[in-house]
Amino acid sequence: MYQEISEQEAIRRNSLKELEALGINPYPAEAYKVNVNTSEIHTNFPTDNNLYQEISIAGRIMTRRIMGAASFVDLQDSFGRIQLYIKRDEICPGEDKTLYNTVFKRLLDIGDIIGVTGYVFITQMGEISIHVKSLKILSKSLRPLPVVKEKDEQVFDAFSDPEARYRMRYVDLIVNPEVRDIFVKRNKIISIMRSFFNESDYLEVETPILQPIPGGAAARPFITHHNALDMPLYLRIANELYLKKLIVGGFEGVYEFAKDFRNEGMDRTHNPEFTVLEIYVAYKDYFWMMEYVEQMLERVALGLHKQTEVTVGNHKIDFKSPFRRLTMNDAIQEYAGVDISGKTEKELAEICKSMNIAIDPSMGKGKLIDAIFGEKCEHHLIQPTFIMDYPIEMSPLCKRHRTNPELTERFELFVNGKELCNAYSELNDPIDQLNRFQDQLSLSQKGDDEAMFIDMDFVRALEYGMPTCSGMGIGIDRLTMFMTNQPSIQDVLLFPQMRPEKKSMPTGDPDEAFVKIGVPESWVEVLRKQGFKTTAQLKEANPNKLLNDLGGLRKKMKLDIPALKLEDIKSWIEA
RNA sequence: GAUUCCGUAGCUCAGCAGGUAGAGCACAUCCCUUUUAAGGAUGGGGUCCUGGGUUCGAAUCCCAGCGGGAUCACCA
């Protein structure tokens with residue numbers, strides 16, 4: 001296939017060929033021995049200048065400053081950058097200066113990956129650098145990298161187009177060190193949580209992503225099809241039911257970092273696939289879980305920032321425990337100024353109307369209360385706040401409140417006006433559970449398309465007996481957004497979902513196709529330049545005009561090839 | 001889904017009372033043995049997102065489409 005390339009890419013492809021002609025493999029197979037990284041050098045060298053006198057290091061060329069027979073290169077590895085000092089007579093001790101003059105100065109580019117040996121020293125300008133004794137090409141880069149420069153915190157020519165950054169995350173990671181840092185932090189958040197759970201001796205498990213019944217949450221699933229079984233399967237929207245079956249099975253605590261999938265809208269806080277941590281612990285209740293969450297988040301914040309206070313947008317959010325606790329009724333009382341306790345569905349609908357909150361007939365009591373809460377309360381909850389005791393209709397998997405049968409023992413943790421965690425004292429009464437599923441069924445008949453499906457295997461598991469148990473789910477993407485102060489979920493996902501890139505790639509004909517109809521090879525490039533990407537296009541052309549145009553281009557491009565005659569062009573068109 | 005803004009060189013952007021494009025960095029050539037967002041000189045590089053329309057003439061005005069951002073709605 002013919003691929004259109006820019007001038008800079010063509011130059012790099014030429015350099016590639018020249019390297020090969022010099023007997024240099026631009027993509028060598030053998031391992032390159034590395035004995036130090038940039039971070040170790042910057043940390044240790046200042047205190048002991050005798051260190052690192054025989055090093056071998058590899059990385060990507062990020063900038064070059066060539067001053068005749070000596071040059072400076074910024075080399076970037078996984079940990080940062082270091083300057084290389086490359087002197088011609090040092091890497092080319094004999095008469096042959098090809099390695100410096102041709103290979104390094106002309107055939108290497110920003111973006112190429114090299115390995116060097118040498119020793120660490122400090123330049124006259126006071127910068128820790130590597131005096132290079134030998135240099136080896138490890139990978140030639142064929143595309144020019146955006147060159148981002150920085151001085152005194154000011155960034156020049158940043159690679160900032162969000163579309164390009166998300167689609168080509170590899171480029172983003174190469175040139176934007178703060179992006180790499182977000183993903184290092186994301187990993188740190190997960191590993192802190194994992195060790196926190198493991199210290200409690202809870203078991204990390206894996207449960208099915210392809211599920212015959214998409215249970216455990218209210219959401220629209222993705223559907224797929226299994227050929228051998230000839231049946232539909234759903235991508236999981238939650239793993240809650242499977243984890244509770246494992247509690248029935250006798251594990252005291254289980255957790256899973258799970259990818260969930262929801263076929264819903266996308267925006268700054270929603271991606272179709274996202275990561276959730278769910279944990280279930282036997283013999284606990286939601287009060288215990290609140291304390292556990294407090295400890296966990298405090299530890300994550302400390303692990304990342306060495307303090308509990310975290311900057312999120314314009315707010316300073318303090319994850320120091322304990323967090324504020326507020327029942328849902330009290331929250332609505334406090335922020336909306338109405339008392340909803342004991343109100344009927346009709347009365348609640350009236351309240352919504354009086355507050356100009358949009359409702360529809362499919363909404364049950366639970367959804368109405370949730371609407372009031374969402375509209376009037378959520379955005380006030382900036383500092384971490386537990387909202388407790390949700391109406392029973394909106395929590396079909398949650399245990400009834402121990403003192404009020406209208407409510408459930410459920411809490412959500414709100415941070416910066418957004419839900420972060422969701423947790424229950426889990427419902428373990430199989431008869432109540434079946435009834436609640438049936439209520440969901442009638443909600444769904446009423447028109448609520450997210451009401452839950454009935455999972456009879458889950459009910460059967462409960463019939464064998466599940467210990468009292470508390471479970472909690474937390475969105476890892478949102479947690480990462482808070483902990484790294486990113487306003488968009490796309491910035492905490494390595495590869496956020498995007499519409500496929502329209503390859504406006506000119507699916508032009510290859511050289512051979514043109515040659516086949518009689519076009520001399522040397523003229524193919526000129527024809528493309530003139531806009532003829534396929535032989536079919538060429539056949540539509542006016543031969544006189546084409547002769548003129550091509551002649552003009554030949555002159556403009558200073559081509560040293562014989563001029564065309566009208567008969568030549570006519571013969572292509574007639575071929 | 002609605003509203004709105006954006007799409008020009010490899011990157012970041014300018015150009016838009018309509019006359020077929022400019023800058024900085026990057027790239028190329030030459031000169032420079034320690035520089036640091038960094039030399040100096042010269043030069044090359046663009047289906048101005050796509051397709052229609054208005055016009056003698058469209059990067060510029062109009063319509064449609066594609067892609068992206070933001071806000072809202074939906075959704076946790």
Side-chain angles (χ1 to χ4, degrees), chain A residues 4-12 14-15 62-74 81 83-90 100 105-106 109-111 121-127 129 131 141-168 171 175 217-220 237-238 260 262-272 274 276 358 360 370 374 378 394 412 414 418-422 449-450 473 475 477-478 487-490 496 498-504 506 508 528-533 556-558:
Chain A
E4 198 150 6
I5 57 172
S6 69
E7 182 194 35
Q8 290 195 46
E9 288 173 273
I11 289 167
R12 283 169 181 242
N14 266 332
S15 301
M62 298 307 287
T63 72
R64 300 197 300 167
R65 296 177 286 280
I66 296 175
M67 334 285 305
S71 302
F72 295 88
V73 166
D74 280 354
R81 290 189 184 189
Q83 175 171 271
L84 308 180
Y85 173 63
I86 299 177
K87 202 170 163 182
R88 184 185 63 204
D89 298 335
E90 193 81 38
Y100 184 82
K105 274 171 70 173
R106 205 159 59 73
D109 290 288
I110 289 175
F121 75 111
I122 295 182
T123 63
Q124 289 177 9
M125 298 300 288
E127 177 156 350
S129 306
H131 189 115
S141 165
L142 296 181
R143 287 179 186 260
L145 222 46
V147 177
V148 181
K149 298 191 174 179
E150 186 246 309
K151 160 117 177 161
D152 299 334
E153 308 279 294
Q154 200 187 347
V155 178
F156 300 81
D157 301 322
F159 178 58
S160 55
D161 175 33
E163 181 174 359
R165 287 182 47 230
Y166 301 148
R167 287 196 196 280
M168 297 190 286
V171 176
V175 302
R220 274 189 287 274
I237 55 173
D260 286 348
R262 297 189 182 176
N263 202 343
E264 287 162 356
M266 293 167 60
D267 60 30
R268 228 170 59 243
T269 54
H270 298 264
N271 193 66
F274 59 103
V276 170
D360 69 74
D370 193 39
E378 274 189 26
M394 45 191 296
E412 293 191 336
F414 284 84
K418 290 263 156 34
E419 176 204 339
L420 182 59
C421 301
N422 184 20
D449 60 355
E450 327 173 310
D477 311 295
R478 285 194 188 172
S488 168
I489 197 170
Q490 296 175 108
M498 298 214 122
R499 282 208 159 79
E501 205 171 351
K502 256 273 177 46
K503 270 274 160 276
S504 63
R528 290 212 179 94
K529 194 110 191 151
Q530 192 57 41
F532 294 91
K533 312 284 189 199
K556 189 180 167 203
M557 293 166 76
K558 299 187 185 106

A.B. asks: From the options B:rC32, B:rG67, B:rC27, select the nucleotide whose nearest atom is closest to the side chain of A:Ile66.
C.D. replies: B:rC32
A.B. asks: With a 3.5 angstrom cut-off on both distances, give the Watson-Crick or G-U wobble partner of B:rG67, or none if there isn't one.
C.D. replies: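 Partner of B:rG67: B:rC6.
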A.B. asks: Have a look at A:Glu90 and say if it touches a base, only the backbone sugar-phosphate, or nothing, with a 4.0 Å heavy-atom cut-off.
C.D. replies: nothing
A.B. asks: Can you check the distance between B:rC62 and B:rC72, where both ends of the measurement are the P atom (answer in whole Å)?
C.D. replies: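 That atom pair is separated by 28 Å.
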A.B. asks: At less than 3.5 Å, do the side-chain atoms of A:Glu127 and the base atoms of B:rU35 form a donor-acceptor pair?
C.D. replies: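 No such pair is found, so the answer is no.
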A.B. asks: Under 4.0 Å between a side-chain N or O of A:Arg65 and OP1 or OP2 of B:rU36?
C.D. replies: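 Answer is no, no contact under 4.0 Å.
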A.B. asks: Taking for each residue the nucleotide of RNA chain B with the nearest heavy atom, is it A:Glu150 or A:Glu419 whose nucleotide lies nearer the 5' end?
C.D. replies: A:Glu150
A.B. asks: Which nucleotide in the list B:rU33, B:rG68, B:rA37 gets nearest to the side chain of A:Glu163?
C.D. replies: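 For A:Glu163, the side-chain atoms sit closest to B:rG68.
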A.B. asks: Measure the distance from CZ on A:Phe156 to C1' on B:rA26 and round it to the nearest whole Å.
C.D. replies: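 So the CZ-C1' distance, A:Phe156 to B:rA26, works out to 16 Å.
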A.B. asks: So which atom in A:Arg106 and which in A:Ser15 form the shortest heavy-atom distance, rounded to 0.1 Å?
C.D. replies: O-OG, 4.2 Å
A.B. asks: Quick one: A:Lys105 NZ to B:rA28 P, roughly how many Å, whole number?
C.D. replies: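 Roughly 12 Å, once rounded to whole Å.
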A.B. asks: With a 3.5 angstrom cut-off on both distances, give the Watson-Crick or G-U wobble partner of B:rC30, or none if there isn't one.
C.D. replies: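 With both distances under 3.5 Å, B:rC30 matches B:rG40.
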A.B. asks: Using side-chain heavy atoms (C-beta onward) and a distance below 4.5 Å, is A:Asp477 in contact with A:Ile489?
C.D. replies: yes
A.B. asks: Are A:Gln490 and B:rG68 close enough that a side-chain N or O sits under 4.0 Å from OP1 or OP2?
C.D. replies: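 Looking at the OP1 and OP2 atoms of B:rG68, neither is under 4.0 Å from any side-chain N or O of A:Gln490.
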A.B. asks: Nearest to the A:Arg499 side chain among B:rG69, B:rG67, B:rU34, which nucleotide is it?
C.D. replies: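 The answer is B:rG67.
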A.B. asks: What's the CD1-P distance between A:Ile5 and B:rU47, to the nearest Å?
C.D. replies: 13 Å
A.B. asks: Report which part of the nucleic acid A:Arg262 touches: base, sugar-phosphate, or nothing (heavy-atom distance under 4.0 Å, all strands).
C.D. replies: sugar-phosphate
A.B. asks: Picking from B:rA26, B:rU34, B:rG69, which would you name as closest to the side chain of A:Thr123?
C.D. replies: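 Between B:rA26, B:rU34, B:rG69, the one nearest the side chain of A:Thr123 would be B:rU34.
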A.B. asks: Just compare B:rG69, B:rA70, B:rU34 and give me whichever is closest to any side-chain atom of A:Met67.
C.D. replies: B:rU34
A.B. asks: For nucleotides B:rG15 and B:rG24, find the distance between their C1' atoms and express it as a whole number of Å.
C.D. replies: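 Per the computed distance, 15 Å lies between those C1' atoms.
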A.B. asks: What distance, rounded to whole Å, do you find between the two C1' atoms, one in B:rG45 and one in B:rC56?
C.D. replies: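 One C1' to the other, the span is 31 Å.
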A.B. asks: Could you check A:Ile110, A:Asp157, A:Val171, A:Asp161 and say which one makes a side chain to side chain contact (heavy atoms under 4.5 Å, CB included) with A:Pro146?
C.D. replies: A:Val171
A.B. asks: Does A:Arg268 make a side-chain N or O approach to OP1 or OP2 of B:rU71 shorter than 4.0 Å?
C.D. replies: yes
A.B. asks: B:rU33 and B:rA28: how far apart are their C1' atoms, nearest whole angstrom?
C.D. replies: 23 Å
A.B. asks: If only atom types and distance count, is the side chain of A:Asn271 paired as donor or acceptor with the main-chain N or O of A:Phe274 below 3.5 Å?
C.D. replies: no
A.B. asks: On a whole-Å scale, what distance lies between the P atoms belonging to B:rC48 and B:rG7?
C.D. replies: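 After rounding to an integer number of Å, I get 14 Å for this pair.
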A.B. asks: Identify the heavy atoms of A:Arg167 and A:Pro500 that sit nearest to each other, and give their distance.
C.D. replies: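 So the minimum-distance heavy-atom pair works out to NH1-C, 4.0 Å.
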A.B. asks: Consider the side chain of A:Met498, meaning its heavy atoms from C-beta on, and name the nucleotide among B:rU33, B:rA70, B:rG68 that approaches it most closely.
C.D. replies: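 In terms of side-chain proximity for A:Met498, the closest of B:rU33, B:rA70, B:rG68 is B:rG68.
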A.B. asks: Is any side-chain N or O of A:Lys87 closer than 4.0 Å to OP1 or OP2 of B:rU34?
C.D. replies: no
A.B. asks: What's A:Arg106 touching, base or sugar-phosphate or nothing? Going by heavy atoms closer than 4.0 Å.
C.D. replies: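 If one applies the 4.0 Å heavy-atom cut-off, A:Arg106 turns out to touch the sugar-phosphate alone, with no base involved.
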A.B. asks: Please find the pair of heavy atoms, one from A:His270 and one from A:Gly265, that lie closest to each other, and give the distance.
C.D. replies: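 For A:His270 and A:Gly265, the tightest heavy-atom pair comes out as CB-O, 3.6 Å.
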A.B. asks: Tell me, for nucleotides 2-15 of chain B in 5' to 3' order, what letter each nucleotide earns: B for a base near a protein heavy atom under 4.0 Å, S for only sugar-phosphate near one, - for neither?
C.D. replies: --------BSS---
A.B. asks: Does B:rC13 have a Watson-Crick or wobble partner in any strand here, with both distances under 3.5 angstrom, and which is it?
C.D. replies: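 WC or wobble partner is B:rG22.
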A.B. asks: Starting at CE of A:Met62 and ending at C1' of B:rA37, how long is that distance when rounded to a whole Å?
C.D. replies: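 Whole-Å distance recorded here is 14 Å.
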A.B. asks: Need one value for A:Arg88: base, sugar-phosphate or nothing, where a base atom within 4.0 Å counts as base even if backbone is also close, heavy atoms only.
C.D. replies: nothing
A.B. asks: Go through the structure and list residues passing side-chain contact (heavy atoms from CB on, under 4.5 Å) with A:Pro144, not counting sequence neighbours.
C.D. replies: A:Gln8, A:Glu9, A:Arg12
A.B. asks: Tell me the interatomic distance from A:Tyr100, atom OH, to B:rU34, atom C1', rounded to whole angstroms.
C.D. replies: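 Between C1' of B:rU34 and OH of A:Tyr100: 11 Å.
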A.B. asks: Rounding to an integer number of angstrom, what distance separates B:rU20 and B:rC16 when you compare their C1' atoms?
C.D. replies: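 So the two C1' atoms sit 14 Å from each other.
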A.B. asks: Atom CZ of A:Phe121 and atom P of B:rU34: how far apart are they, to the nearest Å?
C.D. replies: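 One finds 12 Å between P of B:rU34 and CZ of A:Phe121, rounded.
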A.B. asks: With the threshold set at 4.0 Å, does a side-chain nitrogen-carboxylate oxygen contact exist between A:Arg64 and A:Asp74?
C.D. replies: no
A.B. asks: Do the side-chain N and O atoms of A:Ser71 and A:Tyr85 include a donor-acceptor pair separated by under 3.5 angstrom?
C.D. replies: no
A.B. asks: Nearest to the A:Asp109 side chain among B:rU34, B:rG69, B:rA28, which nucleotide is it?
C.D. replies: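 Side chain of A:Asp109 sits closest to B:rA28.
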A.B. asks: For atom NZ of A:Lys105, decide whether the heavy atoms of other residues, nucleotides or ligands shown that lie under 6.0 angstrom number more than 12.
C.D. replies: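 Atom NZ in A:Lys105 is packed in, count exceeds 12.
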A.B. asks: Between B:rG43 and B:rA23, how far is it from one P atom to the other, in whole Å?
C.D. replies: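 Each nucleotide's P atom is 11 Å from the other's.
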A.B. asks: Of A:Ile110 and A:Asp370, whose closest RNA chain B nucleotide lies nearer the 5' terminus?
C.D. replies: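 Closest to the 5' end, via its nearest nucleotide, is A:Ile110.
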A.B. asks: Tell me which nucleotide, if any, is Watson-Crick or G-U wobble paired with B:rG57 when both distances must be under 3.5 Å.
C.D. replies: none
A.B. asks: Rounded to whole angstrom, note down the C1' distance from B:rG22 over to B:rU8.
C.D. replies: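 My reading of the C1' atoms in B:rG22 and B:rU8 gives 10 Å.
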A.B. asks: Looking at A:Tyr100 and A:Ala69, what are the two nearest heavy atoms and their distance?
C.D. replies: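 Smallest heavy-atom distance, with atoms named: OH-C, 3.3 Å.
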A.B. asks: I need the CZ-C1' distance between A:Arg165 and B:rG69, as an integer number of Å.
C.D. replies: 12 Å
A.B. asks: Just how far, in rounded Å, is P of B:rG45 from CD1 of A:Ile11?
C.D. replies: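 Taking atom P of B:rG45 as the reference, CD1 of A:Ile11 is at 11 Å.
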A.B. asks: Of the listed nucleotides (B:rU35, B:rU33, B:rA73), which one gets closest to any side-chain atom of A:Ala69?
C.D. replies: B:rU33
